[in-house]
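Here is the structure we will look at.
Along the sequence shown, the residues carry numbers beginning at 1. Values reported hereafter were calculated over all heavy atoms of this structure, with side chains retained and with hydrogens, waters and symmetry mates removed.
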Amino acid sequence: MSKKKKQLRLTTRGRYAVIAMVELAKKAQKNPVPLVKIAESGDISLSYLEQLFSGLRRNGIVKSYRGPGGGYLLAKSAADITISEILHSAEDCIPAKIKAHERKAANDKNSQTGELWSCIGSILQLCMQHISLDDLINNKIDHNPYINKLFETLT
């Protein structure tokens, strides 16, 4: 676990980002989808969604379009967007970064459990790097060869 890499965390922010991306991917064909529609169908507050989408846009996962008929579209195909990208992008804003810093300080106080959570986070990171938004939308996680191989190895 000594390799320094971007740690993946499952947070409420990340969960909502994945929900929002699923809603966007289901709705977006060729026309941008307004955040209001995503907020309604995902049952997420509009102001919270605006924060999430700023990180998603900054990280090249969604594109924004202004004006009448504006909204958001996926910046690339759902098959090319991994769940780990979504989760990392959701944390890419000032309030999330401050909270991550506070969590790190708390984890440093107990190195044994901190190491456990770091190990679990690394395993989670590996899994989420191999699950695409398309896998999630089309219920194909069970057919993902990487995930199947991982489960076979663990059992």
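Between L74 and L133 the shortest side-chain heavy-atom distance falls below 4.5 Å. Side-chain contact between R58 and S89: absent, with no pair of heavy atoms (C-beta onward) separated by less than 4.5 Å. For the pair V62 and M21, the minimum side-chain heavy-atom distance is below 4.5 Å. Residues H88 and M128 are not in side-chain contact: their nearest non-hydrogen atoms beyond the backbone lie 4.5 Å or more apart. Taking the side chain as every heavy atom from C-beta outward, L56 and Y72 never approach each other to under 4.5 Å.
A salt bridge does not link K37 with E40: none of the charged nitrogens is closer than 4.0 Å to a carboxylate oxygen.
Among all heavy-atom pairs drawn from S132 and A79, the shortest one is CB-O, 3.5 Å. Nearest approach of K76 to G60, heavy atoms of both residues: CE-O, 4.3 Å. In terms of heavy atoms, P32 sits closest to P34 at O-CD, 3.7 Å. The two residues R57 and S64 make their nearest non-hydrogen contact at CD-OG, 3.2 Å. Contact record, I137 with A78: CD1-CB, 4.3 Å, taken as the closest heavy-atom pair. The two residues S41 and K27 have their closest heavy-atom pair at OG-CE, 3.1 Å.
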* To do: Might you work through the salt bridge (Lys or Arg N to Asp or Glu O under 4.0 Å) test for E152 and K149, ending with a clear yes or no?
  => CA-CA 5 Å; E152 288 172 11; K149 186 174 183 177; over 6 Å; no
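With I38 as reference, L49 is the one residue of L49, L46, I19 to meet the side-chain contact (heavy atoms from CB on, under 4.5 Å) rule.
The aromatic rings of Y48 and Y16 sit perpendicular to each other, their planes meeting at more than 60°, with 30° as the lower class boundary.
Note that CD1 of I147 and CD1 of I141 are 8.0 Å apart. Values are rounded to the nearest 0.5 Å. Taken from CG in L87 to CG in L124, the straight-line distance is 7.5 Å, to the nearest 0.5 Å.
No side-chain donor-acceptor contact under 3.5 Å links N59 to the backbone of I61.
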